[in-house]
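Chain letters run A, B, ... following the sequence lines, proteins first and then strands; every chain starts at 1.
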Protein chains: 2
Amino acid sequence: MSEVTPPGSAMPVVLEGFFKALADSSRLRIIGLLGMRPHNVGELAQALGLTEPTVSHHLARLREAWLVNLRAEGTTRIYSLRVDMLETMLRHALDFEELARLTPTPRPDMAWVNDLALSEADRKVFRDYFNGRRLKHIPTKQSKLLVILRWLAEKFAPGVQYTEQEVNAILKTVHPDYARLRRELVDFRLLAREGGGGLYWRVVEPPDA
Amino acid sequence: MSEVTPPGSAMPVVLEGFFKALADSSRLRIIGLLGMRPHNVGELAQALGLTEPTVSHHLARLREAWLVNLRAEGTTRIYSLRVDMLETMLRHALDFEELARLTPTPRPDMAWVNDLALSEADRKVFRDYFNGRRLKHIPTKQSKLLVILRWLAEKFAPGVQYTEQEVNAILKTVHPDYARLRRELVDFRLLAREGGGGLYWRVVEPPDA
DNA sequence: ACGATAATTAGATAAGCATCAAATTAGAAG
DNA sequence: CTTCTAATTTGATGCTTATCTAATTATCGT
């Protein structure tokens, strides 16, 4: 008896998922139909005027929100409503303290920041100044700028010489003002430039000693 | 005293809007904060770590769903929660008959179909075979195909001669297989082609007499 | 009239997602 | 094993929207 039990994750996360699950007219209609009696996928598709893949998709969303149960019977799958869960969740929507404690949805496009070998304070700099992989603004404060420049420098392999165009191409993926970034990298001696030829390479040992 | 009253629109429409309004963690947090006491925009922005425009946007969404009230006091605007409306809507979520009766959200990108001077049956052909302005498939059934071809023919001004490229360009806005459409238009004598030079023009009087 | 402050609107960007057609899986029944 | 059928998965497309910055509106105090 593989019965559903509340997921391990905390309830607050679930609450947003619950409302997202109901924030679609097709899914609301499915809830309505399942509330009257269990249905299989084909019946629902028929009643809703949608294709089976679409209904399948909606049922998967509802299942993630623990709102429907699934019972297999031969090749057909019979879905039924978890009225108890529905009522529970609706009750939670009136717990204002809980709502106020909700955590902003972590932005998946910022997840890479967690993989950086940095202090939490430095990671905050990234979260503040980046939108996904793009730098929103170049920080004015030198300490914050340096956090980002050091990370940028690591995009250049040690011992490799880059043409100015290559350097620009790499920097452009982060911010349109690649010239400014390049200049700052050189000024802070994270990148070195050969006098005449326009070749750049990464300075491996930061000369802060 | 401009007090809120239930909108004129039917409740079903409102129900989906209600869940959409709550299907966002920022708005759920706003509900939580307003549930404890009224707040102005700046306070909310502060508490949520969002900019004021963003909070303003969320409050507008909540207002459309009749979930918050607004009171102006000097230049600041004080928002408060409509707990009664919140409770009412939550109760509706358990009325399965009502949910099942919900109408699929009318697709705004299909609204142009209503402006066509056609029978309702013909309009249904458009709704079935179009996604927005793009034809999903070319209908197999001749009667349905003709409905669409007649409409297509009207995109060509009477008395004007079009090069094949011009014809293709017009048809391509509707379906990638412009060649098929062009051939069908000619076969059904909605478009005529000059024998050698590749010039096309619209046949004004359909020769069905 | 003039800043200064609070809020909204406009515009841009990027993520999310509803939907469909086509391809795939999996059970049932010959 | 093969074939049929129910359902899911995959991949693509286009709409919606959350968020930001910049610009605008509105109200107060001087």
Side-chain angles (χ1 to χ4, degrees), chain A residues 16-17 19-30 39-46 48-64 70-79 104-111 127-137 175-176, chain B residues 16-17 20-30 39-46 48-64 70-79 104-111 127-138 175-176:
Chain A
E16 185 189 352
F19 283 107
K20 277 199 199 305
L22 295 196
D24 176 89
S25 70
S26 298
R27 286 195 289 269
L28 281 177
R29 295 166 76 204
I30 290 176
H39 289 69
N40 62 39
V41 181
E43 289 171 337
L44 290 173
Q46 186 74 36
L48 298 171
L50 296 174
T51 65
E52 291 200 1
T54 300
V55 173
S56 218
H57 162 74
H58 286 309
L59 288 168
R61 311 282 325 260
L62 290 174
R63 216 143 71 93
E64 285 163 21
L70 170 56
R71 171 167 54 92
E73 199 158 279
T75 111
T76 97
R77 286 149 167 267
I78 294 153
Y79 285 84
T105 315
R107 298 179 51 174
D109 61 323
M110 289 269 97
R127 276 192 268 266
D128 287 348
Y129 284 89
F130 274 81
N131 245 335
R133 299 280 179 170
R134 307 281 300 180
L135 190 54
K136 289 191 287 192
H137 323 286
H175 193 81
Chain B
E16 185 190 352
K20 277 199 198 305
L22 295 197
D24 176 89
S25 70
S26 297
R27 286 195 289 269
L28 281 178
R29 295 206 286 156
I30 290 176
H39 288 69
N40 61 39
V41 181
E43 289 171 339
L44 290 172
Q46 185 74 37
L48 298 171
L50 296 173
T51 64
E52 290 201 1
T54 300
V55 173
S56 216
H57 161 74
H58 287 307
L59 289 168
R61 311 281 326 257
L62 290 174
R63 216 143 72 93
E64 285 163 20
L70 169 57
R71 170 167 55 92
E73 198 159 279
T75 110
T76 95
R77 286 151 167 266
I78 294 153
Y79 285 86
T105 315
R107 299 180 49 175
D109 60 324
M110 289 270 95
R127 276 191 267 267
D128 287 348
Y129 284 89
F130 275 80
N131 245 336
R133 301 278 180 172
R134 305 283 300 181
L135 190 54
K136 289 190 286 192
H137 324 285
I138 299 178
H175 192 81

Residues which pass side-chain contact (heavy atoms from CB on, under 4.5 Å) with [X], listed by chain and number, not counting sequence neighbours:
{"X": "E52(B)", "value": "V41(B), A45(B)"}
{"X": "Q46(B)", "value": "none"}
{"X": "T54(B)", "value": "L50(B), T51(B), H58(B)"}

Report the distance from atom [atom1] of [X] to atom [atom2] of [N], rounded to the nearest whole Å.
{"X": "R61(B)", "N": "dT9(C)", "atom1": "CZ", "atom2": "P", "value": "14 Å"}
{"X": "L48(B)", "N": "dC20(D)", "atom1": "CG", "atom2": "C1'", "value": "15 Å"}
{"X": "E73(A)", "N": "dA26(C)", "atom1": "CD", "atom2": "C1'", "value": "16 Å"}
{"X": "H58(A)", "N": "dT9(D)", "atom1": "NE2", "atom2": "C1'", "value": "16 Å"}
{"X": "D24(B)", "N": "dC17(C)", "atom1": "CG", "atom2": "C1'", "value": "14 Å"}
{"X": "E64(A)", "N": "dT8(D)", "atom1": "CD", "atom2": "C1'", "value": "14 Å"}
{"X": "L50(B)", "N": "dA18(D)", "atom1": "CG", "atom2": "P", "value": "12 Å"}
{"X": "I30(A)", "N": "dT19(C)", "atom1": "CD1", "atom2": "C1'", "value": "13 Å"}

Review point. Could you run down nucleotides 3-8 of chain C 5' to 3' and tag each one B, S or - for protein heavy-atom contact under 4.0 Å?
Key: ---SBB

If you take all heavy atoms of [X] and [Y], which pair is closest and at what distance?
{"X": "L22(B)", "Y": "L62(B)", "answer": "CD2-CD2, 4.5 Å"}
{"X": "K20(B)", "Y": "D24(A)", "answer": "NZ-CA, 4.3 Å"}
{"X": "R77(B)", "Y": "L70(B)", "answer": "NH1-CD2, 3.2 Å"}
{"X": "H39(B)", "Y": "E43(B)", "answer": "CA-OE1, 3.2 Å"}
{"X": "V55(A)", "Y": "L44(A)", "answer": "CG1-CB, 3.8 Å"}

Exercise for review: Using the test salt bridge (Lys or Arg N to Asp or Glu O under 4.0 Å), find all partners of R63(B) that sit at least two apart in sequence or belong to another chain.
Suggested key: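 Testing R63(B) for salt bridge (Lys or Arg N to Asp or Glu O under 4.0 Å), a comparison that skips the adjacent residues, returns none.
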
Point to revise | Any T51(B) side-chain nitrogen or oxygen under 4.0 Å from OP1 or OP2 of dC20(D) | key: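 The answer is yes; a side-chain N or O of T51(B) sits under 4.0 Å from OP1 or OP2.
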
Check your understanding: Looking at S26(B), does any N or O in its side chain come under 4.0 Å of the phosphate oxygens OP1/OP2 on dA18(D)?
Key ->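 Looking at the OP1 and OP2 atoms of dA18(D), neither is under 4.0 Å from any side-chain N or O of S26(B).
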
Review point. Taking five pairs at each end of the helix from dA1(C)-dT30(D) to dG30(C)-dC1(D), what angle separates the two helix axes (nearest 10°)?
Key: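 Answer rounded to 10°: the end axes differ by 20°.
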
